[in-house]
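Everything below concerns the one structure shown next.
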Amino acid sequence: MPGTVVVGTQWGDEGKAKVVDLLSHSADVVVRYQGGHNAGHTVVANGKKFAFRLTPSGILYPNVTPVIGNGVVLDLATLFAEIEMLQENGIDTSRLMVGANAHLIMPYHQRLDVLAEKRRGDFAIGTTKNGIGPAYVDKVARDGLRVQDLLVPSRFRARLKAVLTEKNAVLTSVYGDEPFNEDELLALYLDDYAPRLAPYIGDSVAFVQRALRENKLVLFEGAQATFLDIDHGTYPFVTSSNPVAGAACAGAGVGPRDLTRIVGIAKAYVTRVGAGPFPSELKDDIGAGIVERGHEFGTVTGRRRRPGWFDAVMMRHAAQLNSLTELAIIKLDIFDPLPTLKVCVAYEIDGQRVEHLPAFQDQLERAVPLYEELPGWQSDTTGVRSFAELPENARRYVHFLAEQSGVEVSMLGVGPGRDEIIPMPAFTGPSAGAPA
Ligand code: GDP
Ligand code: IMO
Ligand code: MG
């Protein structure tokens with residue numbers, strides 16, 4: 001029965017994996033419901049760092065069945081590399097289930113992503129170049145190849161043939177690029193990949209539904225984040241799926257009433273990778289300091305993340321879009337040395353004070369952030385494990401974020417490690433009393 005969603009509330013890399021790992025302690029199933037290997041989810045467990053791109057972050061716990069849901073787009077080379085890495089680390093990967101309806105990212109998707117970014121010139125999105133967009137295009141156009149097609153070679157062959165004709169025409173005629181060889185792709189997918197993937201393929205929808213009926217704890221692990229959402233993000237500087245919590249239903253095959261706890265993840269500040277509007281962006285030394293102390297470089301692409309102050313306007317919108325039941329604030333420790341902190345509480349747009357996120361992109365691009373200043377705490381919080389022990393100004397900052405966001409805060413991150421977390425004693429939401 002209890003379905004918990006962990007969802008990013010900013011532009012990604014908020015620390016979702018750390019919270020999923022933490023909650024996996026008492027979970028039975030962890031499901032990825034959208035996105036693909038554009039995700040970079042870092043878990044630091046017992047001093048060892050794992051960076052997951054496709055595998056659900058709960059896999060480190062033997063009590064968890066990790067599931068790649070139907071909403072995910074799957075790059076098999078990346079998945080096999082991840083399985084190998086886990087096995088080398090002594091982790092049992094046989095529990096992993098890959099949904100039969102998940103779509104495959106094919107090598108031509110990856111190539112088309114790179115070429116489309118070049119074509120966009122000054123309007124480039126700054127994608128991860130992993131083929132995510134082109135794979136979702138094919139899914140929606142009904143030209144996609146699904147995981148289950150690998151089990152029926154005649155079907156895979158016929159569908160690939162039909163699709164590849166068009167892909168090669170676009171690659172050669174539009175982009176002047178090399179075509180893909182059909183026989184080589186067939187050999188790779190049917191002779192090499194299919195037998196390796198077969199043991200993992202299953203009816204993930206039936207599995208997750210049964211787990212919920214049996215009152216097991218199912219975690220839905222979001223990738224990317226609310227403002228990278230194809231519908232609700234800063235279009236076109238977004239990803240090609242719906243990371244918002246509601247998409248866990250379609251991406252895993254459950255109903256809205258199965259989602260009882262929605263944990264929003266936010267950094268104590270904001271970062272974004274790639275292009276697009278960012279009202280509270282910091283282009284000064286304070287931003288550079290945050291990047292340095294927070295190691296704000298992409299897990300997947302190594303790109304520098306753009307830093308900024310916490311944006312409460314966006315957070316209020318994210319709280320509504322996801323119906324958050326709670327908020328986890330991560331990386332509070334990165335602010336330890338700062339004398340003063342700012343929080344964006346409203347925007348000024350064309351001389352007007354605006355407290356909600358404008359629907360019109362040109363207004364967001366013109367939005368001037370209005371800040372409230374709070375004193376920093378200038379002391380080391382990384383060893384603190386209870387809210388009462390935090391410096392008064394840190395507590396004040398957390399209370400201010402909760403008040404501004406309109407969401408109760410349930411936990412605070414003060415370091416990358418599994419135990420570097422502070423549960424909020426006053427939290428009364430659905431997770432109250434759950435082991436931290
Ligand atoms: P995700 O994509 O939302 O799962 O987040 P990422 O793994 O891409 O980025 C979060 C980064 O912050 C990772 O390097 C984590 O190890 C690290 N991290 C997570 N929580 C904390 C925290 O509370 N403090 C610090 N300093 N680092 C953290
Ligand atoms: P996690 O799950 C941060 C960004 C890219 C780019 C845009 C579109 O680790 O939070 P895409 O390759 O998806 O077509 O790129 O989305 N992006 C992310 N930024 N964290 C992520 O994932 C991201 N996944 C995609 O940088 O701006
Ligand atoms: Mg990440």
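When a ligand or atom number is given, it counts from 1 through the structure's own listing order. Residues: numbered from 1 along the sequence shown.
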With only distance considered, is [X] within less than 3.5 Å of ligand 1 through an N or O on each side?
X      : result
Ala17  : yes
Val44  : no
Ile330 : no
Gly15  : yes
Glu420 : no
Gly415 : yes
Lys49  : no

Exercise. Is it true that Gly126 lies under 4.0 Å from ligand 2, counting heavy atoms only?
Worked result: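 So Gly126 counts as touching ligand 2.
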Exercise. Hey, is Gly40 one of the residues with a heavy atom under 4.0 angstrom from ligand 2?
Worked result: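 In this structure, Gly40 qualifies as a contact of ligand 2 - some heavy atom is under 4.0 Å.
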For this session: Would you indicate which of Arg53, Arg32, Gln224, Gln34 comes nearest to atom 1 (P) of ligand 2 when only heavy atoms are counted?
Result: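 Considering heavy atoms of Arg53, Arg32, Gln224, Gln34, the nearest to atom 1 (P) of ligand 2 sits in Gln224.
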Which of the ligand 2 atoms, numbered from 1, are nearer than 4.0 Å to a heavy atom of [X]:
X      : answer
Ala223 : 2 (O)
Arg303 : 5 (C), 26 (O)
Lys16  : 1 (P), 2 (O), 10 (O)
Asp13  : 1 (P), 3 (C), 9 (O), 10 (O), 20 (N)
Trp11  : 3 (C), 19 (N)
Leu228 : 4 (C), 16 (O), 17 (N), 18 (C), 19 (N)
Gly274 : 27 (O)
Val238 : 7 (C), 8 (C)

Give the atoms of ligand 1, by number and element, whose distance to some non-hydrogen atom of [X] is under 4.0 Å.
X      : answer
Val414 : 23 (O), 24 (N)
Gly413 : 23 (O)
His41  : 1 (P), 2 (O), 4 (O), 7 (O)
Arg305 : 8 (O)

Problem set entry | Side-chain donor-acceptor contact under 3.5 Å, Asp13 with Thr271 |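 Side chains of Asp13 and Thr271: no pair found under 3.5 Å.
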Exercise. With a 3.5 Å cut-off and no angle check, do the side chains of Thr340 and Glu373 form a donor-acceptor pair?
Worked result: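 Side chains of Thr340 and Glu373: no pair found under 3.5 Å.
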For this session: Name the orientation class of the two ring planes belonging to Tyr61 and His25 (parallel below 30°, tilted from 30 to 60°, perpendicular beyond 60°).
Result: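 Perpendicular.
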Among all the protein's non-hydrogen atoms, which is closest to [atom], and how far away is it?
atom                    : answer
atom 26 (N) of ligand 1 : Asp333 OD2, 2.7 Å
atom 16 (O) of ligand 1 : Pro416 CB, 3.4 Å
atom 27 (N) of ligand 1 : Lys331 CE, 3.3 Å
atom 9 (O) of ligand 1  : Asp13 O, 3.6 Å
atom 6 (P) of ligand 1  : Gly40 O, 3.5 Å
atom 15 (C) of ligand 1 : Thr42 CB, 4.0 Å

Problem set entry | Metal site the Mg ion (ligand 3), protein N/O/S atoms found under 2.8 Å |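 That number is 2, waters not included.
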Exercise. Salt bridge check: are Arg395 and Glu392 linked by an N-O gap of less than 4.0 Å?
Worked result: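 Looking at Arg395 and Glu392, the cut-off is not met.
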Exercise. Do any N or O atoms from the side chain of Arg111 and from the backbone of Glu178 form a donor-acceptor pair under 3.5 angstrom?
Worked result: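 Yes, Arg111 side chain to Glu178 backbone: donor-acceptor pair under 3.5 Å.
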Problem set entry | Set of side chain to side chain donor-acceptor pair (under 3.5 Å) partners for Thr381, sequence neighbours left out |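 If we apply the side chain to side chain donor-acceptor pair (under 3.5 Å) test to Thr381, skipping adjacent residues, the hits are Asp336.
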Problem set entry | Results of side chain to side chain donor-acceptor pair (under 3.5 Å) for Gln363 - residues two or more places apart only |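 For Gln363 there are no side chain to side chain donor-acceptor pair (under 3.5 Å) partners, ignoring immediate neighbours.
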For this session: Please list all pairs passing the ring pair (Phe, Tyr, Trp, His ring centres under 6.0 Å) test where one or both residues lie in residues 80-128, with sequence neighbours left out.
Result: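 Listed once each, the pairs are Phe80-Tyr193.
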